[in-house]
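What follows is a set of notes on a single structure, which appears directly below.
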Amino acid sequence: MPETGGFVDRLARDDGRSARTLVGIGALLGAGSAFLFYRAMPAGPAALGADSIGLTFALWVAGLAIAAIGAGSIRMASDPDIESATLSVRTMLLALTAGVGAATFFLGIALLYQWADPLFRLIREGDREEAWKVFVPLVATVGGLGIMFAGLQAVRSAERRDQTLRRAIYGFNAFLTGFLLFAVLLVGNVIAYLKLPATIDTTQSAIYSISDRSKQILADIDRPTRLLVFMEGVDPEVQALVNLCREHQPKITVENLTTMQPNRIRELAKTFPQLTENTEGILIVYGDEKAENAAFIRSRDLITEDADPGSREIKRKFMGELKLMNELSFLMGGKDKPVVYFSQGNGEADINDRSKPQGYGNIVDKLQRRNFEVKPLKLDALGTTVPDDCRILVIAGPKQTLPPAAVDAVRAYLEKGGKLVALFDIDVNRGDKEIPLTGLEGTLAAAGIDVSRERVQTVPTENTDIRSMDEALVRVDPASAGTPLGGPFKNMVFQFFGCRVVRPAKTPPAPGGFRATPLLSTSDQTLVWTETDPQVNGLQTLQLMQRDPKARERLSPAPLPVAMTASESPRGMPGQAPPAEKPRIAVFGDATFLVNAVGGSRSEGAAVMFDLFAGTLDWLRERPTNIGIEPRVAATYDLTPGAMNNETTLKFLPLLVGVVGVFGLGLGVWLVRRQ
């Protein structure tokens, strides 16, 4: 390369002017870097957080300054004779291109990391609005490698003339190869991550996957949606959740912010009053940037820690997916809060009672957090009319038979297309010799549901943890295992107490009316029988069964249904597909799972019971995608003393090992070739 040789010879004869120029340029670049650092760092308690892009460019300019000063110093320290000067010029060029190229290469990598969202949108959605944020980092990365390669070629012709230069060239070549390998691995992994998202989640609490119900909700998003995460040190489960949402729905963008950016938060709070300076959580913006299109989930609602009543072990539950999907569904529905009326006046528990074990106050609070509006409705002999704004009427655990006027009000409500949840239990304290009528038998029979006057009794066994004959383990009936309501709960077991049999009516509904389906039935792993007298001593009956084989014939040969659903099944026109069924009624043979001491408590079992009830309401309001999103219970693992438990070490050690391995291999090649 004669041109290069001539250029090198001219630099060798310039008495070090080029070196002094480089040192001067390096000093100016150093001053520029200090200025950029000053501009990027926050000043004062109310300032914004550090400007990461500004810091990145400040570091890049600092790298250029070090490269220029270092290269100039190499030249200035050489001997004045022409041969030594020529060698030092080549070494200076090698050091300069190595420093400038490496700094530019890492500038591109850093920008690519910080501008990841435009890259995601470009590859996944073809969105080119901010394509320059992809182009600039790629040019910097490739340009840095090109500068290093050009510097290597400029001095390679002299590698046979001097052993020291040859070693420097081989070392430079090893590091350049390492950079190339690192770039190839990085690009390959990024493309694989974007185009082939992970589908296998081996974590016990499944933090890297979301439920099928959540995927359905995400698939229904039809507007640009922003998830702004305000947290100091974002929880890995929260980060995994928002990333999974972005992965499954391209219309979602994610932005991580910190509470150390009060100016930014104050600016956002002008549009979204849900935000405050010290509030941590997730802001969801669905569609236009307006307050009415936003919802905020506080960080304290994303994770709960409850003590297991049996083991007293603290169980950490991640509620993020449930909360996020509920708020997304709420926003997508136009912030529609369905009004649910709870009947009062016939011995039902008080919906405002949060202190007594038998109150319904805690369940009401949970429903309100799920964006339901709950109101009381007095159904008595005065003939109350069900209000027009009632989306769902809940008759939960009446202790007295409903008076005719109240029954007429319920019937009229159903005839207008209303939706009903009825829960009936057994009050053994009344002293009745038979289970009282509910008053709704005729109305429910017209829908194909028979609320029997039979009480379920279970044979206690150690294998099923049944200790009382009034307890019953129930599961989703096979007839409902594939339905929107039963499907999400088909693998769960629920515990009812003092429940009654609720079975299909003997006379089926008229064609084109209702279609009744068993929802829950007793577990096939338990032995059950029924009693019609609430005062019968079940223990005596059980002892009789143990002595008398004929008495054991009372055991039910099949599981007993304890909950039913009824859907309106209109008849279609000849030659046309029948219209879709509309959910109308759900009847449970137990109401105790709603009280404060059971479904209203904070135990893990209570969450399941509440999900069953809330899922029933969602099914009735025809929002089945909300049903069955379960909180994740994280397993607890204790590291042995002395084990690595530093999160930073666990994150960056594999990366460090990989980088050291790549460059160590290059160093090994250099050590062999330098001989």
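Remember, predicted model here, so these are calculated numbers, not experimental data.
Rounding to the nearest 0.5 angstrom, the gap separating the OG atom in S329 from the CG atom in D618 is 7.5 Å. Here S480 contributes atom OG and W619 contributes atom CH2; the two are 8.5 Å apart, rounded to the nearest 0.5 Å. For the atom pair T592 OG1 and F496 CZ, the distance stands at 8.0 Å (nearest 0.5 Å).
Taking 4.0 Å as the cut-off between side-chain N and carboxylate O, R370 and E327 do not count as a salt-bridged pair. Of the charged side-chain nitrogens involved, at least one lies within less than 4.0 Å of a carboxylate oxygen, so that K582 and E622 count as a salt-bridged pair. Between D388 and K416 a salt bridge is recorded (basic side-chain N to carboxylate O distance below 4.0 Å). Looking at K375 and D389, a side-chain N of the basic residue comes within less than 4.0 Å of a carboxylate O on the acidic one, giving a salt bridge. Salt-bridge formation is not detected for the pair R298/E280: no Lys NZ or Arg NE/NH1/NH2 atom is positioned less than 4.0 Å from an Asp or Glu carboxylate oxygen.
With sequence neighbours excluded, the residues satisfying salt bridge (charged side-chain N to carboxylate O under 4.0 Å, His left out) with R455 are D470. A search for ring pair (Phe, Tyr, Trp, His ring centres under 6.0 Å) contacts involving F588 returns F593, not counting sequence neighbours. K323 is linked by a salt bridge (charged side-chain N to carboxylate O under 4.0 Å, His left out) to nothing, counting only residues two or more places apart in sequence or in another chain. The side chain to side chain contact (heavy atoms under 4.5 Å, CB included) search around Q358 returns V595, not counting sequence neighbours. Not a single side chain to side chain contact (heavy atoms under 4.5 Å, CB included) links N491 to another residue, sequence neighbours left out. Looking at residues two or more places apart in sequence or on another chain, you find a side chain to side chain contact (heavy atoms under 4.5 Å, CB included) between R554 and W529, E531, T541, M545.
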Worked verdict on E568 versus R584 for salt bridge (Lys or Arg N to Asp or Glu O under 4.0 Å): CA-CA 6 Å; E568 188 176 347; R584 292 289 303 280; 2.8 Å; yes
The test is salt bridge (Lys or Arg N to Asp or Glu O under 4.0 Å); show your working for R500 and D425 and say whether it passes. CA-CA 7 Å; R500 62 170 69 185; D425 53 16; over 6 Å; no
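Between R391 and Y413, the closest heavy-atom pair is O-OH, 3.4 Å.
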